[in-house]
Novice: 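My questions all concern the structure below.
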Amino acid sequence: MLEVIGVDSVSDLFRSIPADSRAKGPLDLPPPLSEHELLGLLQSLADANRSAATGELLSFLGAGATAHGIPQALDDIIRRTEFLTAYTPYQAEISQGTLQAVFEFQTLVCELFGLEVANASMYDGATATAEALLMTRRIKRRDRFVVSEGLHPEYMETCETILSGLSEAELVRIPLGADGRTDASAMKAALAEAPSACLVVQSPNIFGVVEDLAPLANLAHEADALAIAVVTEMVSLSLLEPPGACDFDIAVGEGVGYAVPVSLGGPGVGLFATRDKFKRQMPGRLIGETLDANGVRGYVMTLATREQHIRREKATSNICTNQGLIALCFTIASSLLGRSGFTQLGHLNFAKAQYAREAIAALDGFELRYVAPAFNEFAVRVSGGDATALVNDLAADGILPGVAMGRFDPAWKDTLLVTVTELHRREDIDRLVTALAKKGASS
Amino acid sequence: MTQSCVTPGLLHYEPPIFEIGAPGRNGASLPALDVPDVDPATSLGNLARKSPPGFPEASEVEVMRHFVRLSQWNHAIDLGMYPLGSCTMKYNPKVNEATARLPGLAGLHPYQPESHLQGALRLLWELDQALSEISGFARTTLQPAAGAHGELTGLMLIRAYLTTAGNPRSKVIIPDTAHGTNPASVALNGYKPVLVKTGADGVLLPADVEAVLDEDVAAIMVTNPNTLGIYETHLPKIAEMVHDAGGLVYMDGANLNAIMGKVKPGDLGVDVMHFNLHKTFSTPHGGGGPGAGPVGVVERLVPYLPRPTVEKHGDQFTLDLDRPESIGRVRSFYGNFGVLVRAFTYIRELGGEGLTQATEMAVLNANYIRARLKEAFPPSHDVDTLHETVFSGKLLKKETGVITMDVAKRLMDHGFHPPTVYFPLIVPEALMIEPTETEPPEELDRFCDAMLHIHAEAHDSPETVHAAPLQVGLRRLDETRAARKPRLRWTPPEETE
């Protein structure tokens, strides 16, 4: 090879790098390992954790990363190396597998949200929310965004970070009312105060409370603003009226836990859907159906003039690589569940959470923070006021009773967010209730 | 529809999943209800969904066959060479898939107590250390989900630093060879991109940078080696000039595979750089992600890194949220952890020597292709290139009328994925070829033979090349039709035109 190239050694190939730019010495990294050693090393790192997936913990953690059952067939499909090791489908004729799967993904996301167009995915729910804000900014040419405090605090912070470069941008926070839902009159007042691009509301919100979406969309539209809905638990859309049916203009979501193991919160998949009339303002990649030269149905990347590789600084977003494989996981999981299975899954989550909620509410030392309808998670006030201490106590017994909400806001430190899914058997819930009862009685 | 259901042989035409199965069918495996039943519709009232989402209605075997058949319509790195320039499509070692799936890693929840996450936090901390060592930086944040997300994060760090210094400034200098994500990220962070032309030798010249450099320049964004595959020899000088003018230097690390173990960007005056773990560090691309775009920074930018950071205290690891100068989170949770586990495994498998050797072999392979193709397809510049070379199809077009897109489509008939085409924008009829280190010499020869065969065919029977692809199942797809009347989701056949 060197002879064909016309050099004497491999180092000659690097002669364009000036001598004073070269690294001073070899890379100071641990020595290479064989596969056997690697598996041992990674297993030892895994063993230094405690994981609900190994059966040593009973976990009721959710808050935007709720684990569900992942079908066995799913991992077989995504290990198909033709999906796993393909690049972005720039060459349509030899990427039909990826392209058709994304077309199906877009369809599923539209169906879930009750909206007309969905993109090929965003990084996660938080960045999808930020992209939705930016999209309403383009449409309305306004820099004011009215956001419910029921939005996941990490999503709120992500939006603040991403808007930070836009000097005029203003994020107005609307508190939750006494019933745990977004305070509609405060929302109305904020929208009346100054022209705004949008309102943003999450449902079920960070406390698990199902929001009454339709009146909020009305408030937005009366103020000539757009309405953005955020869904961090996609299974909830099996039972809850979707944002599109509630007249929302944009809906975003997060698929971690539904499509892939939670894996410390990533990778998941950001979902993004809107009305047909806004499709040219959407961020991200879109796959469309077309025909080949013989009239056979096929799929291509389309409306790419919105995207960075064509439009550069005038693009609707800078996103390039998205969460393709996880979008595929989402498509497979949804396809296996099917129409009837998805509804049944929602029913299981709802009934089991309801069972747990009533049992915990009946305990001494615990009260529901809100009584409004919930889907599969609910907030409980802990007597003594320190949910973190309670979590640490129970963790020692192998139970993670929920997320101590003080991690998000010191004002919420008395609150525990409990998430119950189809994976929890009745005896698991009873074990939680018994453990909580002991703590409640002793506090 | 003119298509039949099944082609002869093993390549199946597969309708959308929504056209498979029968009403009521599903492939779900759900437990029986073991708690008192409640009627969701009654409990939820007007909040209840009125009709279920239109999910497919198919059995497990139908779903399985559907997706396996779809997979067979994809080219993939495990099927053959994938020489997309600037995409670094190297082979992905399978051990990485095994480690990322360990239940003690994949089953972790982000809100478990830190004491439950010590192994995961150690992994994140050690990956930060390794990437910082490879690139010559003080620290590396692992939060960004992809390269473009890393770019945006890096620019936000620059903005935060300059704001503290008194003025965020308004412009970012970008060379004309840059990836489209660079100007898009700049605009997204409220800066105005200022274009600077590449010099005649394919590198940025200090004088050209000088001409656009002033006290409104927040940063320069440079890819090194650039998208022509050429090493930016003047980068230290340019960095010095930008620093003297009060700006910072951002390096797009998309092409890091060309310089691992050879050059540390931190030594060149670079202040911020993003990595693409799904390129250089061999995490599978998954048909478009998930990736990971960690961002390395010099000491003076460390306080601004996204929170939380992972910190080490003796043998204990913590997530530090108390970082008052941090730009804040750039996403939920801590990053694409599953991708980070794969990259960590890869780095530990190769070690420093292995990574350096990967770079050497990548550059050797690219130069071999250059040597074999340079007569037929003249390289964009007559100077040394590293891990990739941009060839021009201009001469071929003039001689035969066959354009770069035709060559790309014809390569499919030879079993290869085409190179990156029509990029960078400054090279007419560009063919950007990056073989990576994992291609064996025989595969490189087969690829070069195919390119030369197509070159000859373009002269002998150009109509064949224009008509390509001819052997991949589908013929050329009508992109104009797709854009004119977009069909972006499936609808029942009776509703279609």
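Small disclaimer: the values here were computed from a predicted structure and weren't measured.
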Novice: Among A:Y355, A:Y299, A:Y90, who wins on heavy-atom pairs under 4.5 Å with chain B?
Specialist: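 Winner by heavy-atom pair count: A:Y355.
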
Novice: Is there a donor-acceptor pair closer than 3.5 Å between any side-chain N or O of A:S16 and the backbone N or O of B:Y231?
Specialist: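 No, the answer is negative, given that no donor and acceptor are paired below the 3.5 Å cut-off.
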
Novice: Identify which of A:L286, A:T107, A:T88 forms the greatest number of heavy-atom pairs closer than 4.5 Å to chain B.
Specialist: A:T107

Novice: So which atom in A:L13 and which in B:L364 form the shortest heavy-atom distance, rounded to 0.1 Å?
Specialist: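 Minimum heavy-atom contact is CD1-CA, 3.6 Å.
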
Novice: So which residue, B:G473, B:A130, B:A106, B:S71, ends up with the most heavy-atom pairs under 4.5 Å with chain A?
Specialist: B:S71

Novice: Of all the heavy-atom pairs spanning A:C320 and B:T181, show the shortest one and how long it is.
Specialist: CB-CG2, 3.8 Å

Novice: Is A:P373 in contact with chain B via its backbone, its side chain, both, or neither, using a 4.5 Å heavy-atom distance?
Specialist: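 For A:P373, the side chain is the part near chain B, not the backbone.
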
Novice: Could you tell me whether B:R329 and A:E154 have a side-chain N and a carboxylate O separated by less than 4.0 Å?
Specialist: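 A salt bridge links B:R329 with A:E154.
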
Novice: With rounding to the nearest 0.5 angstrom, report the OG to NE2 distance, A:S263 to B:H109.
Specialist: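 Going from OG on A:S263 over to NE2 on B:H109, the span is 11.5 Å.
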
Novice: Sort B:L105 into side chain, backbone, both or neither according to what part of it lies under 4.5 angstrom from a heavy atom of chain A.
Specialist: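 Backbone plus side chain of B:L105, per the 4.5 Å heavy-atom cut-off to chain A.
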
Novice: Please check if any side-chain donor atom of B:N26 sits under 3.5 Å from a side-chain acceptor atom of A:S340, or the reverse.
Specialist: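 A donor-acceptor contact under 3.5 Å links the two side chains.
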
Novice: What do you reckon, is CD of B:E479 surrounded by more than 12 foreign heavy atoms closer than 6.0 Å?
Specialist: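 No.
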
Novice: Walk me through it: do B:H66 and A:Q100 pass the test side chain to side chain contact (heavy atoms under 4.5 Å, CB included)?
Specialist: CA-CA 11 Å; B:H66 173 74; A:Q100 184 173 329; 3.7 Å; yes

Novice: Give, as side chain, backbone, both or neither, the part of B:L355 having an atom under 4.5 angstrom from any heavy atom of chain A.
Specialist: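 Answer is side chain: those atoms of B:L355 sit under 4.5 Å from chain A.
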
Novice: For the candidates A:L29, A:L325, A:L45, A:L336, which exhibits the highest count of non-hydrogen atom pairs separated by less than 4.5 Å from chain B?
Specialist: A:L336

Novice: Let me know if A:N392 has heavy atoms under 4.5 Å from chain B in its side chain, its backbone, both or neither.
Specialist: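 For A:N392, the side chain is the part near chain B, not the backbone.
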
Novice: Determine the option with the most heavy-atom pairs under 4.5 angstrom with chain A, choosing from B:P236, B:G351, B:G119, B:P306.
Specialist: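 Of B:P236, B:G351, B:G119, B:P306, B:G119 has the most heavy-atom pairs under 4.5 Å with chain A.
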
Novice: Top residue by heavy-atom pair count (under 4.5 Å) with chain B, among A:T54, A:L112, A:L303?
Specialist: A:L112

Novice: Measuring from atom CG of A:L264 to atom OH of B:Y111, what distance do you get when rounded to the nearest 0.5 angstrom?
Specialist: 10.5 Å

Novice: So which residue, A:Y87, A:Y123, A:Y155, ends up with the most heavy-atom pairs under 4.5 Å with chain B?
Specialist: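 Highest number of pairs under 4.5 Å: A:Y87.
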
Novice: Heavy-atom pairs under 4.5 Å with chain A are the metric here; pick the option from B:G147, B:A148, B:A187 that has the most.
Specialist: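 Looking at each option in turn, the highest pair count goes to B:A148.
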
Novice: Examine distances only and state if a side-chain atom of A:S51 and a backbone atom of B:P103 form a donor-acceptor pair shorter than 3.5 Å.
Specialist: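 Yes, A:S51 side chain to B:P103 backbone: donor-acceptor pair under 3.5 Å.
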
Novice: Are A:R425 and B:D34 close enough for a salt bridge, meaning some N to O gap below 4.0 Å?
Specialist: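 No, no charged N to carboxylate O under 4.0 Å.
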
Novice: Please classify the contact of A:A120 with chain B as side chain, backbone, both or neither, using a heavy-atom distance under 4.5 Å.
Specialist: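 Neither part.
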
Novice: Strictly below 4.0 Å, N to O, side chains only: are A:E93 and B:R476 in salt-bridge contact?
Specialist: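 Judged by the 4.0 Å cut-off on N to carboxylate O distance, A:E93 and B:R476 do not form a salt bridge.
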
Novice: Starting at OH of B:Y191, measure out to CG of A:L166 and round the result to the nearest 0.5 Å.
Specialist: 11.5 Å

Novice: Would you mind checking which part of B:V472 comes under 4.5 Å of any heavy atom in chain A, side chain (CB onward), backbone (N, CA, C, O), both or neither?
Specialist: both

Novice: Just by distance, no angles: are the side chains of B:H75 and A:Q96 close enough, under 3.5 Å, to form a donor-acceptor pair?
Specialist: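 Looking only at side-chain atoms, A:Q96 and B:H75 do not form any donor-acceptor pair under 3.5 Å.
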
Novice: A:D124 and B:S332: side-chain donor and acceptor closer than 3.5 Å?
Specialist: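 Yes.
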
Novice: Quick one: closest heavy-atom pair of B:K264 and A:L27, and the distance?
Specialist: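 Looking at all heavy atoms of both residues, the shortest contact is CE-CD2, 4.0 Å.
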
Novice: If you take all heavy atoms of B:R489 and A:E116, which pair is closest and at what distance?
Specialist: CD-O, 3.8 Å

Novice: Highest number of heavy-atom pairs under 4.5 Å with chain A: which of B:L152, B:L79, B:N46, B:T233?
Specialist: B:T233

Novice: For A:F350 and B:S43, work out which heavy atoms get closest and say how close.
Specialist: CZ-CB, 3.6 Å

Novice: Any sub-3.5 Å donor-acceptor pair from A:Q344's side-chain atoms to B:L30's backbone N or O?
Specialist: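 Side chain of A:Q344 to backbone of B:L30: no pair is present.
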
Novice: Please look at A:L237 and chain B and tell me whether the side chain, the backbone, both or neither of the residue comes under 4.5 angstrom of a heavy atom of that chain.
Specialist: both

Novice: Could you verify whether a donor N or O on one side chain and an acceptor N or O on the other, from B:S185 and A:N318, lie under 3.5 Å apart?
Specialist: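 Checked: B:S185/A:N318 side chains pair up, N/O donor to acceptor below 3.5 Å.
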
Novice: Please flag which part of A:I332 lies under 4.5 Å from any non-hydrogen atom of chain B: side chain, backbone, both or neither.
Specialist: both

Novice: Checking the side chain of A:H347 only, and the main-chain atoms of B:V38 only, is there a donor and an acceptor separated by less than 3.5 Å?
Specialist: yes

Novice: Just by distance, do the side chain of A:Q323 and the backbone of B:G288 share a donor-acceptor pair under 3.5 Å?
Specialist: no

Novice: Look at the side chain of A:T85 and the backbone N and O of B:I77, then say whether any donor-acceptor pair between them is shorter than 3.5 Å.
Specialist: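 Indeed, once roles are kept as given, a pair shorter than 3.5 Å links the two residues.
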
Novice: In terms of heavy-atom proximity below 4.5 Å to chain A, should B:Y82 be classed as side chain, backbone, both, or neither?
Specialist: side chain

Novice: Between OG1 of A:T321 and NE2 of B:H285, what distance do you get to the nearest 0.5 Å?
Specialist: 3.5 Å

Novice: Going through the distances and angles, do A:T302 and B:L488 end up as a side chain to side chain contact (heavy atoms under 4.5 Å, CB included)?
Specialist: CA-CA 9 Å; A:T302 193; B:L488 304 174; 3.6 Å; yes

Novice: For the residue pair A:A53 and B:G107, what are the closest heavy atoms and their distance?
Specialist: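 Here A:A53 and B:G107 meet closest at CB-CA, 3.7 Å.
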
Novice: Among A:G338, A:A48, A:P18, A:A86, which residue has the highest count of heavy-atom pairs closer than 4.5 Å to chain B?
Specialist: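 If we count pairs closer than 4.5 Å to chain B, A:A86 comes out on top.
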
Novice: Give, for atom CD of A:Q91 and atom NE2 of B:H417, the distance between the pair rounded to the nearest 0.5 Å.
Specialist: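 Separation between the atoms: 5.5 Å.
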
Novice: Measuring heavy-atom distances to chain A, does B:P486 have an atom under 4.5 Å in its side chain, in its backbone, in both, or in neither?
Specialist: side chain

Novice: Looking at chain A, which one of B:N367, B:D267, B:L268 has the largest number of heavy-atom pairs inside 4.5 Å, strictly under?
Specialist: B:N367

Novice: Would you indicate whether B:Q72, at its atom CD, is surrounded by more than 12 heavy atoms from other residues, nucleotides or ligands within a distance under 6.0 Å?
Specialist: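 Result for CD/B:Q72: enclosed.
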
Novice: Against chain B, label A:F342 side chain, backbone, both or neither, depending on which of its atoms sit under 4.5 Å from a heavy atom there.
Specialist: side chain

Novice: Between B:A408 and chain A, with a heavy-atom cut-off of 4.5 Å, which part of the residue counts as in contact: side chain, backbone, both or neither?
Specialist: side chain

Novice: Any side-chain to backbone donor/acceptor pair from B:E133 onto A:D28? Under 3.5 Å, distance only.
Specialist: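 Checked: pair present.
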
Novice: Closer than 3.5 angstrom, by distance alone: can the side chain of A:E111 be matched with the main-chain N or O of B:P53 as a donor-acceptor pair?
Specialist: no

Novice: Rounded to the nearest 0.5 Å, how far apart are CG of B:L477 and CG of A:L291?
Specialist: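 Spacing of CG (B:L477) from CG (A:L291) equals 8.5 Å.
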
Novice: Which atoms of B:K192 come close to chain A, meaning under 4.5 Å heavy atom to heavy atom: side chain ones, backbone ones, both, or neither?
Specialist: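 No part of B:K192 comes within 4.5 Å of chain A.
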
Novice: Find the one option among B:I259, B:N276, B:I327 whose heavy-atom pairs under 4.5 Å with chain A are most numerous.
Specialist: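 Most pairs with chain A among the choices: B:I327.
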
Novice: Side chain of A:E422, backbone of B:P31: donor and acceptor closer than 3.5 Å?
Specialist: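 No, A:E422 side chain to B:P31 backbone: no donor-acceptor pair under 3.5 Å.
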
Novice: Name the region of B:P40, side chain, backbone, both or neither, that has any atom closer than 4.5 Å to a heavy atom of chain A.
Specialist: both

Novice: Judged by modelled atom types alone, do A:S95 and B:N74 share a side-chain donor-acceptor pair under 3.5 Å?
Specialist: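 No, no side-chain donor-acceptor pair sits under 3.5 Å.
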
